[in-house]
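So that the names make sense, note that chain A is the first sequence line, chain B the second, and so on, each numbered from 1.
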Number of protein chains: 2
Amino acid sequence: MTRATPYNRDKALDAAMSLFWEKGFHATSLKDLEAGLKMKPGSIYAAFSSKENLYLLALERYFEKSRLGHRAQMARAASPLAGLAAHFRTIAALSPNDMARQACMLTKSLVDTQTTEPAIAEKTRSYLAAMQQEFAAGFARAQKMGELPDSANTNRLARRFQANLAALRFELHLGTDALETAELAEDMAREIENLRVCGASE
Amino acid sequence: MTRATPYNRDKALDAAMSLFWEKGFHATSLKDLEAGLKMKPGSIYAAFSSKENLYLLALERYFEKSRLGHRAQMARAASPLAGLAAHFRTIAALSPNDMARQACMLTKSLVDTQTTEPAIAEKTRSYLAAMQQEFAAGFARAQKMGELPDSANTNRLARRFQANLAALRFELHLGTDALETAELAEDMAREIENLRVCGASE
DNA sequence: CACGAATTTGAGCGTACACTCAATCCCGTA
DNA sequence: TACGGGATTGAGTGTACGCTCAAATTCGTG
């Protein structure tokens, strides 16, 4: 029988995700990770092979959480378009000390690693594509329900949605105050709501 | 009489801007700069004091060029709103090998330096604010000319404009193909054009 | 209780970084 | 043409990085 692992993999990965999300791949040093994960270098390497691999696991974790969060948001909503619009307002309403009150980790990741870490950049792009798919599926459901006209291009709408999302979260990163952020989110949410065909049932 | 400086400061700063823009502050090493500026480390330090200071000069250069470029775009346009809308289309139409076919340097800079280089981050934020002012001035002119209703909030529009700009340029960074990028730019340009009060003269 | 394997430890490895400075070079001047 | 001094050079500095591995520790098992 194998000995029980004395470190908590889940907590360690959560800590890694926080660190990498906040500081990025390059600016997060092994020293930072040792402190954050409460593990010594040898243990980190035994458990996660390399800094790069740990980053990839943290990024995957972020992606899974994001997708789950989005799906929960959509499930809660009265209709697909309402859920998509709510996404913006939810982000702007994040508590001031919420960890998520910063740029999207995928956005930061791509900026940080595009020129230096091709493997990470590639994975990041694939997660961004998957999220866009997720949004496109939302718009497609809206279309099927008659919330969106048949002529609407769901992929194009999804791209626009993701662009808005990235921009809104960059605004959090910038530190723009809550009121102005809320206005921006409101503009984006209204843009979604205005797509609604008149008289569509919820 | 002082000896003529044998390095070309203008060209050197242009090279520094390119390097820093593409790779960011942290990922650009002194080795890269030596090669790009064709200067030895001692000369670089004699001319620019430090990597950080060189970066600040490169960033300032980028800001000045961006502002000048925007003003030229506005001067060329038939009306303020037309100029602002054209901005998006111009970016999407950039030649495939144009250096500017990537994320905005200010955006990248803030992501790269926010947690590690407070002085750079601060300067970056001030340039972003100045660009937003520039956009707000454009909307204000549109308002004065009757292109925009008096009720329009020019600062809010400018914030939205800048968010769209950042998002569009991030799409270039991502490597999205030209056609899809053009669609996104078109969505953003139309959003500006739709603000136009019906029957406003040009 | 003693053994052995799985796990953790942390001093220390090679490397690459930003940066320095004594030596050299080059050009305007006399 | 010889000189003086500012500009340029690049080997070399200390430091911090990602990472390793032999030794110590910890536990289930016989």
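In this structure, the side chain of B:R9 engages the main chain of B:A47 through a donor-acceptor pair within 3.5 Å. The backbone N or O of B:D112 sits nowhere less than 3.5 Å from a side-chain atom of A:H26 that would complete a donor-acceptor pair. Side-chain N or O atoms of A:Q143 include one that pairs as donor or acceptor with a backbone N or O of A:D150 at under 3.5 Å.
Aromatic ring orientation, B:Y62 versus B:W21: perpendicular (interplanar angle above 60°, classes split at 30° and 60°).
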Which donor-acceptor pairs under 3.5 Å do side chains of residues 123-132 of chain B form with protein atoms, sequence neighbours excluded?
{"from": "B:T124", "atom 1": "OG1", "to": "B:S109", "atom 2": "OG", "distance (Å)": "3.0"}
{"from": "B:T124", "atom 1": "OG1", "to": "B:I120", "atom 2": "O", "distance (Å)": "2.7"}
{"from": "B:R125", "atom 1": "NH1", "to": "B:Q114", "atom 2": "OE1", "distance (Å)": "2.6"}
{"from": "B:R125", "atom 1": "NH2", "to": "B:E122", "atom 2": "OE1", "distance (Å)": "3.2"}
{"from": "B:S126", "atom 1": "OG", "to": "B:K123", "atom 2": "O", "distance (Å)": "2.9"}

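Rounding to whole angstrom units, CG of residue B:N8 and C1' of D:dT8 are separated by 16 Å.
Residues meeting the salt bridge (charged side-chain N to carboxylate O under 4.0 Å, His left out) test with B:E60, sequence neighbours left out: none. Taking B:F88 as the reference, B:F161 meet the ring-ring contact (aromatic ring centres under 6.0 Å, His included) condition, with sequence neighbours excluded. Taking the ring-ring contact (aromatic ring centres under 6.0 Å, His included) definition, one finds that B:Y45 meets it with nothing, sequence neighbours left out. Residues passing the salt bridge (charged side-chain N to carboxylate O under 4.0 Å, His left out) test with A:D177: none are found, sequence neighbours excluded. Residues satisfying the salt bridge (charged side-chain N to carboxylate O under 4.0 Å, His left out) criterion with A:R76, sequence neighbours excluded, are absent altogether.
At a threshold of 4.0 Å, the pair A:E64-A:R67 counts as salt-bridged, since one of the basic side-chain nitrogens sits closer than that to a carboxylate oxygen.
Among pairs with a residue in residues 21-31 of chain B, those fulfilling salt bridge (Lys or Arg N to Asp or Glu O under 4.0 Å) read B:K23-B:D32, at least two apart in sequence or across chains.
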(message) Quick one, A:N164 with B:R160, criterion side chain to side chain contact (heavy atoms under 4.5 Å, CB included). Give me CA distance, side-chain angles, the key distance, then yes/no.
(response) CA-CA 9 Å; A:N164 276 335; B:R160 177 94 182 97; 3.3 Å; yes

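Scanning residues 17-25 of chain A for heavy-atom distances under 4.0 Å to DNA chain C yields an empty list. A heavy-atom distance below 4.0 Å to DNA chain C is reached by these residues of residues 29-40 of chain B, ordered by number: B:S29, B:L30. Heavy-atom distances under 4.0 Å link DNA chain D to no residue of residues 115-124 of chain B. Near DNA chain D, meaning a heavy atom under 4.0 Å from it, residues 41-62 of chain B has B:P41, B:G42, B:S43 in order of number.
The salt bridge (Lys or Arg N to Asp or Glu O under 4.0 Å) with A:R159 is formed by just one residue from the set B:E186, B:E183, B:E171; it is B:E183. Here the rule is side-chain hydrogen bond (donor to acceptor under 3.5 Å, both in side chains) with B:E134, and of B:H70, B:R71, B:Q162 only B:R71 fits it.
Taking a pair as Watson-Crick or G-U wobble with both distances under 3.5 Å, the runs of three or more consecutive pairs in DNA chain D are C:1-30 with D:1-30.
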